[in-house]
Participant: 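This is the structure I want to talk about, given as structure tokens.
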Amino acid sequence: MIVKRYVVKDMPEALTKIRQDLGHNAVILSSKKIKQRGFLGIFSVSQLEVVAAVNDTEKADSVKPVVPAVSKQTVVTRTTQSTDSVPASSMETRRDAVTASDGQSVSGAGLDVLKEVKELRKVLAKFLQQNTDLLPDFIQRIRLDLIDNDVSPEIVEALILRAIQENNEINLMEEQEFRHILTNLIEKEINNSFPASSLAPTAHIVAFVGPTGVGKTTTIAKIAAVEMLKNKRTVGFITTDTFRIAAVEQLKIYANILQVPVEVVFSSDELEQAIETLKDRDLILIDTAGRNYGSSALVSELNRFLQASQPDETCLVLSLTTKSSDLERIVANFDGVPIDKFIFTKLDETNSYGAMYNLLHRYQKPLAYLTHGQNVPDDIETATSERIARLVVGEKQYG
Ligand code: GDP
């Protein structure tokens with residue numbers, strides 16, 4: 001039995017080819033309309049796929065259409081098998097088999113074709129980067145949405161191009177499906193390169209740094225409550241934020257409510273002493289002064305405190321209500337401070353979450369928590385890659 005697959009404009013063209021190739025005894029096993037991938041898998045043409053077969057011993061007068069219901073899988077398998085048994089009457093049939101099986105189990109000429117296609121896609125991807133108006137409308141919409149969401153344009157374009165390169169028949173997709181692909185790409189990147197992680201269960205001393213007013217003290221109180229209630233850990237507070245009386249008072253109020261001991265320290269020597277005092281606590285959370293860390297003197301002071309306390313983890317707390325460019329500058333100012341994880345606050349006060357992804361992507365550091373309100377301890381969640389990805393691609397859940 002010889003089975004062949006034809007991709008043609010219409011049925012008369014198919015019949016002519018089948019007669020030529022397989023003779024008049026051939027039967028049509030299936031026919032269906034298909035969309036052929038076009039330029040970068042985007043612009044498609046409608047065509048007809050016809051699968052025909054003939055017994056190698058048979059030769060008769062007419063083509064008999066029978067059994068139209070053959071699944072795509074069967075069609076591909078039969079056609080692929082047939083390329084061995086049939087002396088290739090046309091290269092076109094072989095090429096079709098290669099693309100139909102989408103790169104699986106191909107060899108020789110097939111591999112060359114795939115390599116060429118890959119190279120071509122790369123060139124075209126570059127071209128598209130400079131001509132985003134060539135993208136289908138729904139991809140252009142998603143692109144603008146992401147940029148609106150404060151994801152940096154370079155990251156958006158790299159993401160979209162990757163999605164196009166890694167997926168076939170983009171043009172046949174729904175907008176939602178493409179968003180889903182982007183979400184998955186981001187999720188995978190986070191999992192592979194900077195997996196989200198809350199405080200390690202073994203962390204004994206954790207320091208929190210960041211500008212004034214971002215919600216450091218409130219976040220520390222939330223984390224303390226979660227660790228005490230959920231993980232049954234004993235907690236102690238230390239504040240080095242003696243610059244503002246209100247900051248000390250605020251931590252003392254939380255300490256009072258949570259029944260947690262609190263130490264107020266004015267120098268790095270006192271910090272060592274405070275840690276000694278609280279050493280029996282499972283977890284010591286250190287609130288540092290929020291300042292303008294543009295000044296190198298302040299960064300040195302912070303580093304002295306960090307050196308004296310030797311934290312197992314240092315979290316940089318940032319508010320998402322801060323303008324994206326200011327966030328970039330603030331993080332750059334923390335360059336000399338050994339940061340382990342990010343925490344983003346005030347998600348309830350914004351609809352733009354892209355800036356957090358820009359920072360995670362650029363610094364390749366994990367995100368520990370997201371906070372979304374003033375309530376202690378409720379308005380905090382442990383970050384997950386899925387959550388971050390969804391927020392970046394457009395899920396609006398707060399505010
Ligand atoms: P710190 O100076 O960084 O220690 O910031 P604070 O903890 O004193 O918080 C400053 C203000 O931000 C307070 O009014 C907090 O209630 C508020 N705040 C903290 N976290 C959040 C949050 O996730 N969402 C909102 N809307 N407000 C928050």
Side-chain angles (χ1 to χ4, degrees), residues 150 196 198-199 206-227 235-258 260 262-266 271 284-295 298-299 301-302 305-306 309 311 313-324 326-327 329-331 333-334 337 339 341-353 355-356 359 367-384 387-388 391 395-399:
D150 266 351
S198 54
L199 296 193
V206 181
F208 295 82
V209 302
T212 312
V214 293
K216 261 191 329 293
T217 310
T218 315
T219 303
I220 289 173
K222 289 172 182 171
I223 292 173
V226 170
E227 290 295 326
V235 174
F237 287 153
I238 296 177
T239 179
T240 70
D241 194 0
T242 48
F243 191 66
R244 293 178 310 135
I245 295 169
V248 176
E249 286 312 310
Q250 198 195 348
L251 192 67
K252 280 186 172 170
I253 292 169
Y254 286 127
N256 209 9
I257 297 170
L258 296 167
V260 162
V262 58
E263 297 287 322
V264 181
V265 303
F266 291 84
L271 183 54
I284 300 173
L285 303 177
I286 304 177
D287 197 0
T288 62
R291 304 272 190 88
N292 168 15
Y293 286 105
S295 138
L298 292 174
V299 171
E301 182 194 273
L302 180 65
F305 276 118
L306 292 177
S309 55
E313 291 186 351
T314 300
C315 300
L316 175 55
V317 186
L318 297 167
S319 163
L320 271 191
T321 55
T322 310
K323 224 168 67 188
S324 189
D326 288 338
L327 277 176
R329 188 181 44 77
I330 291 165
V331 181
N333 289 346
F334 275 88
V337 180
I339 303 294
K341 292 175 180 177
F342 283 106
I343 294 177
F344 287 101
T345 63
K346 308 198 185 184
L347 270 74
D348 55 310
E349 288 191 4
T350 178
N351 271 335
S352 307
Y353 311 111
M356 83 175 159
L359 292 174
L367 177 58
Y369 299 97
L370 296 167
T371 80
H372 50 85
Q374 295 181 294
N375 296 316
V376 178
D378 291 342
D379 296 339
I380 186 164
E381 65 178 273
T382 301
T384 65
R387 185 83 172 105
I388 303 166
L391 287 168
E395 189 170 281
K396 308 273 179 232
Q397 186 147 332
Y398 303 104

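Numbering starts at 1 and runs along the sequence shown. Indexing begins at 1, ligand by ligand and atom by atom, following the structure's order. These numbers come from the heavy atoms of this one structure, side chains and all, not from hydrogens, waters or symmetry mates.
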Participant: Would you mind listing which atoms of ligand 1 come within a distance below 4.0 Å of any non-hydrogen atom of G215?
Facilitator: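 Matching atoms, with element in brackets: 1 (P), 3 (O), 5 (O), 6 (P), 7 (O), 9 (O), 19 (C).
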Participant: Which one holds for K346 and ligand 1: side chain close, backbone close, both close, or neither close, with close meaning a heavy atom under 4.0 Å?
Facilitator: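 Both of them.
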Participant: Using a 4.0 Å heavy-atom cut-off, say whether Q250 meets ligand 1 through its side chain, its backbone, both or neither.
Facilitator: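 Near ligand 1, Q250 shows its side chain, while the N, CA, C and O stay back.
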Participant: With heavy-atom distances below 4.5 Å as the criterion, would you say the side chains of I330 and T322 are in contact?
Facilitator: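 A side-chain contact exists here, since the closest heavy-atom pair is under 4.5 Å.
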Participant: Please tabulate, one pair per line, all N/O donor-acceptor pairs under 3.5 Å involving side-chain atoms of residues 218-226, not counting sequence neighbours.
Facilitator:
from : atom 1 : to   : atom 2 : distance (Å)
T219 : OG1    : G215 : O      : 2.6
K222 : NZ     : G373 : O      : 2.6
K222 : NZ     : D379 : O      : 3.1

Participant: At a non-hydrogen distance cut-off of under 4.0 Å, which region of D348 contacts ligand 1 (side chain, backbone, both, or neither)?
Facilitator: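 Answer for D348: side chain.
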Participant: Counting only nitrogen or oxygen atoms and a 3.5 angstrom limit, does T345 reach ligand 1?
Facilitator: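 Min N/O separation from ligand 1 is not below 3.5 Å for T345.
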Participant: A side-chain contact here means heavy atoms from C-beta on lying under 4.5 Å apart; do M356 and L391 qualify?
Facilitator: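 Result yes, sub-4.5 Å side-chain heavy-atom pair found.
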Participant: Looking at ligand 1, does any of its N/O atoms fall within less than 3.5 Å of an N/O of Q374?
Facilitator: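 By distance alone, the answer is yes.
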Participant: So, is T219 polar-close to ligand 1, with some N/O to N/O distance under 3.5 Å?
Facilitator: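 No; the residue has no nitrogen or oxygen that sits under 3.5 Å from a nitrogen or oxygen of the ligand.
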Participant: Could an N or O of ligand 1 be found under 3.5 Å from any N or O of T212, whether backbone or side chain?
Facilitator: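 The answer is no, given that T212 and ligand 1 share no N or O pair closer than 3.5 Å.
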Participant: Show which atoms of ligand 1 fall inside a sub-4.0 Å distance from at least one heavy-atom site of T371.
Facilitator: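 Per the distance check, 22 (C), 23 (O).
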Participant: Under 4.0 Å from a heavy atom of H372: give me the atoms of ligand 1 that qualify, with their elements.
Facilitator: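 The list of qualifying atoms is 23 (O).
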Participant: With a 4.0 Å cut-off on heavy atoms, is G213 touching ligand 1?
Facilitator: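 It does; at least one heavy atom falls under 4.0 Å.
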Participant: Tell me if a side-chain donor or acceptor on S324 pairs with a main-chain N or O of A355 at a distance below 3.5 Å.
Facilitator: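 Not at all, since once roles are kept as given, no pair shorter than 3.5 Å links the two residues.
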Participant: Under 4.5 Å between any side-chain heavy atoms of K252 and T239, yes or no?
Facilitator: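 No, every pair of side-chain atoms sits at 4.5 Å or beyond.
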Participant: Please determine whether any non-hydrogen atom of V214 lies less than 4.0 Å from an atom of ligand 1.
Facilitator: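 Checking ligand 1 against V214, which is what was asked, there is a heavy-atom contact under 4.0 Å.
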Participant: Just which atoms of ligand 1 are under 4.0 Å from any heavy atom in E349?
Facilitator: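 By the 4.0 Å cutoff, the relevant atoms are 25 (C), 26 (N).
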Participant: Side chains of T345 and S319, heavy atoms from C-beta outward: is any pair under 4.5 Å?
Facilitator: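 T345 reaches S319 side chain to side chain.
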Participant: Does the N or O separation between L347 and ligand 1 drop below 3.5 Å for any pair?
Facilitator: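 Between L347 and ligand 1 (N or O atoms, distance only) the closest approach is not under 3.5 Å.
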